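Worksheet: the structure to be examined is printed underneath.
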Protein chains: 2
Amino acid sequence: MQITRAAEYGVLGLTALARRPLGEVVMIDTLCAEEDIPRSFLGKILQSLNRAGIVRSARGSGGGFCLAKEPSEISALEIIEAIEGPISLQRCLDEDLGCEHSTGCALCSLLAVAQDRVKDVFRTTSLSDLTGRHIPNGLVRQARDRHRESESTPPVEAADTVTSTWTIN
Amino acid sequence: MQITRAAEYGVLGLTALARRPLGEVVMIDTLCAEEDIPRSFLGKILQSLNRAGIVRSARGSGGGFCLAKEPSEISALEIIEAIEGPISLQRCLDEDLGCEHSTGCALCSLLAVAQDRVKDVFRTTSLSDLTGRHIPNGLVRQARDRHRESESTPPVEAADTVTSTWTIN
DNA sequence: CTCAAACCGGACTGAAATGATCCGGAAAAG
DNA sequence: CTTTTCCGGATCATTTCAGTCCGGTTTGAG
């Protein structure tokens, strides 16, 4: 009854792309660092998203990924199903033919309704909706690290407990 | 993104109980036969439902299970959560403290909404709603077998292709 | 009192899905 | 032709799922 990590990472990775101007090409490593996602795993996930036409990939030096359409044109449902395959709360595949348990299985109808509700929510949420107030921890950490580096002779011993203020961008 | 077999069997087993007058005690074996559920698995599941106060159990000879309340008073949500634990599309547990990915994680909010929708559907569906038109295959098979037995010298050779009419109860 | 019927509940197990990693290969840029 | 970067298949460890087993406890009947 949960989304997979892969789908989770997929959405997150795409928000990282969506934060940039459309068409900007970004390497996997950059996305991983921002969103705290294992590098080779995100590689796999982006392959799926590429095949599904949600991102475009470019090989060779200067290569990477960019969104294939406007964030407002990409629904959460698209993303998730591109990665996990069709969402299905149902277990019995041929829903018309009646399931293994019973003809006109009551449980199947119930699950079908629930499934529709979930899909509605995902279908009506776009990537741009998701990108709004989301500030990934990876980015936050990077901003902090940049701030640390710029300090003159940072106090090594107390490094772990530094609680100085810093801003993002 | 699916319900477990255990929850599925749980609901099915309860519809079998709900088909009877409230308070009638039924053995596991009977329920299994009607709904085509592995016997020892259903045993486990009924234990959970017993602890949750949805069924009552009686040990010893003449023992078995009965519903602890009216089918209309038992929601699908109750049943499923009694077996699977709380339904959660969320992965990050402490939803308030912000998840591992980001403060104000957009994905979490999305999943929270979807989760609420699913729970609503399950909450507003009662066991009596589920028991209506549901005719379990196990019961159907039993009725067929009873009919076969009552025939005089049934034609053994054509047994597999017999399509005679029969009724339930 | 004793035995058999029935559930209780913890340990266990096999199979599948999940979450990831690895590595050789192909393509693009310089 | 070398470097960079993605492609994609194989592989692997862990967890969850689905289900079984078995000794124990409770209850009712004889």
Side-chain angles (χ1 to χ4, degrees), chain A residues 1-13 17 24-33 35-68 80 82-89 91 100-101, chain B residues 1-13 17 24-33 35-68 80 82-85 87-89 91-92 100-101:
Chain A
M1 205 64 185
Q2 274 185 316
I3 230 174
T4 60
R5 285 266 173 212
E8 193 176 322
Y9 291 156
V11 170
L12 258 24
L17 279 180
E24 182 175 331
V25 173
V26 186
M27 288 191 307
I28 291 185
D29 291 299
T30 309
L31 298 172
C32 289
E35 300 287 346
D36 261 328
I37 301 174
R39 137 104 214 204
S40 42
F41 199 11
L42 184 57
K44 277 261 120 60
I45 295 163
L46 284 168
Q47 279 179 39
S48 306
L49 293 172
N50 185 26
R51 275 182 230 118
I54 295 172
V55 300
R56 265 198 302 266
S57 73
R59 308 219 253 201
S61 80
F65 294 88
C66 65
L67 291 181
I80 294 170
I83 297 168
E84 295 193 351
I87 284 183
S88 158
L89 297 198
R91 191 181 302 275
E100 47 185 322
H101 299 305
Chain B
M1 208 58 184
Q2 274 185 318
I3 231 174
T4 61
R5 286 265 174 211
E8 194 176 323
Y9 290 156
V11 170
L12 257 25
L17 279 179
E24 183 176 330
V25 174
V26 187
M27 288 191 308
I28 291 184
D29 292 298
T30 309
L31 298 172
C32 290
E35 301 286 345
D36 262 327
I37 302 173
R39 136 106 213 200
S40 42
F41 199 12
L42 184 58
K44 276 264 118 61
I45 295 163
L46 285 168
Q47 281 179 38
S48 305
L49 294 172
N50 185 26
R51 275 183 230 116
I54 295 172
V55 300
R56 267 199 300 268
S57 73
R59 307 218 254 201
S61 78
F65 294 88
C66 66
L67 291 181
I80 294 169
I83 296 169
E84 294 194 349
I87 283 182
S88 159
L89 296 200
R91 191 181 302 277
C92 41
E100 48 185 319
H101 299 306

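Only a predicted model underlies this, so the values are computations on that prediction, with no experimental measurement involved. Here is how names work: the chains are called A, B, and so on, in the same order as the sequence lines, proteins then strands, and each is numbered from 1.
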Counting the atoms with a prime plus P, OP1 and OP2 as sugar-phosphate, which does [X] contact under 4.0 Å by heavy atoms, base, sugar-phosphate, or nothing?
X       : value
B:Leu46 : nothing
B:Gly43 : nothing
A:Thr4  : sugar-phosphate

Write down the distance between [atom1] ([X]) and [atom2] ([N]), rounded to a whole number of angstrom.
X       : N      : atom1 : atom2 : result
A:Leu42 : C:dA20 : CG    : P     : 11 Å
B:Phe65 : C:dC8  : CZ    : C1'   : 9 Å
A:Arg91 : D:dC17 : CZ    : P     : 10 Å
B:Ile28 : C:dA5  : CD1   : C1'   : 12 Å
A:Gln2  : C:dA17 : CD    : C1'   : 14 Å
B:Ile37 : D:dC17 : CD1   : P     : 18 Å
B:Ile45 : C:dC8  : CD1   : C1'   : 15 Å
A:Arg39 : C:dC23 : CZ    : C1'   : 13 Å

Legend entry - Side-chain N or O of A:Ser57 closer than 4.0 Å to phosphate OP1/OP2 of D:dC7: yes
Inset, instruction - Check whether any side-chain nitrogen or oxygen of A:Tyr9 sits under 4.0 Å from OP1 or OP2 of C:dG19, and answer yes or no. - result: no
By side chain to side chain contact (heavy atoms under 4.5 Å, CB included), which residues pair with [X], not counting sequence neighbours?
X       : value
B:Glu84 : B:Ile3, B:Thr4, B:Ala7, B:Ile80
A:Ala52 : A:Ile54, A:Ala82
A:Thr30 : A:Arg20, A:Val26, A:Met27, A:Glu34

Shorter than 3.5 Å, N or O on both sides, protein versus nucleotides 26-30 of chain D: list them out with atom names.
from: D:dT26; atom 1: O4'; to: B:Arg59; atom 2: NE; distance (Å): 3.3
from: D:dT26; atom 1: O4'; to: B:Arg59; atom 2: NH2; distance (Å): 3.4

Rounded to the nearest 0.5 Å, how far apart are [atom1] of [X] and [atom2] of [Y]?
X       : Y       : atom1 : atom2 : result
A:Leu89 : A:Met1  : CG    : CE    : 5.0 Å
B:Ile83 : B:Arg5  : CD1   : CZ    : 13.5 Å
A:Ile37 : A:Leu46 : CD1   : CG    : 8.5 Å
B:Leu49 : B:Leu17 : CG    : CG    : 9.5 Å

Legend entry - salt bridge (charged side-chain N to carboxylate O under 4.0 Å, His left out) partners of residues 38-58 of chain A, not counting sequence neighbours, each pair once: A:Asp29-A:Arg39
Inset, instruction - Scan residues 36-67 of chain A for pairs that pass ring-ring contact (aromatic ring centres under 6.0 Å, His included), counting only residues two or more places apart or in two chains. - result: A:Tyr9-A:Phe41
Inset, instruction - Nearest-nucleotide wise, let me know which of A:Gly64 and A:Met1 is further upstream toward the 5' end of DNA chain D. - result: A:Gly64
Minimum heavy-atom separation for [X] to [Y], with atom names?
X       : Y       : value
B:Gly13 : B:Leu31 : O-CD2, 4.1 Å
B:Arg91 : A:Gln2  : CA-NE2, 3.5 Å
B:Ser57 : B:Asn50 : OG-ND2, 3.2 Å

Inset, instruction - Could you tell me which residues satisfy salt bridge (charged side-chain N to carboxylate O under 4.0 Å, His left out) with A:Glu35, sequence neighbours excluded, listed by chain and number? - result: A:Arg19
Which protein N or O atoms sit under 3.5 Å from an N or O of nucleotides 9-12 of chain C?
from: C:dG9; atom 1: N7; to: B:Gln47; atom 2: NE2; distance (Å): 2.7
from: C:dG10; atom 1: N7; to: B:Lys44; atom 2: NZ; distance (Å): 3.3
from: C:dG10; atom 1: O6; to: B:Lys44; atom 2: NZ; distance (Å): 2.1

Inset, instruction - Sequence neighbours left out, what passes side chain to side chain donor-acceptor pair (under 3.5 Å) with A:Ser48? Give chain and number order. - result: none
Inset, instruction - Compute the angle between the rotation axes at the two ends of the helix from C:dC1-D:dG30 to C:dG30-D:dC1, each taken over five pairs, rounded to 10 degrees. - result: 10°
Could you pull out the protein-nucleic contacts involving nucleotides 13-15 of chain D (nitrogen or oxygen on both sides, under 3.5 Å)?
none

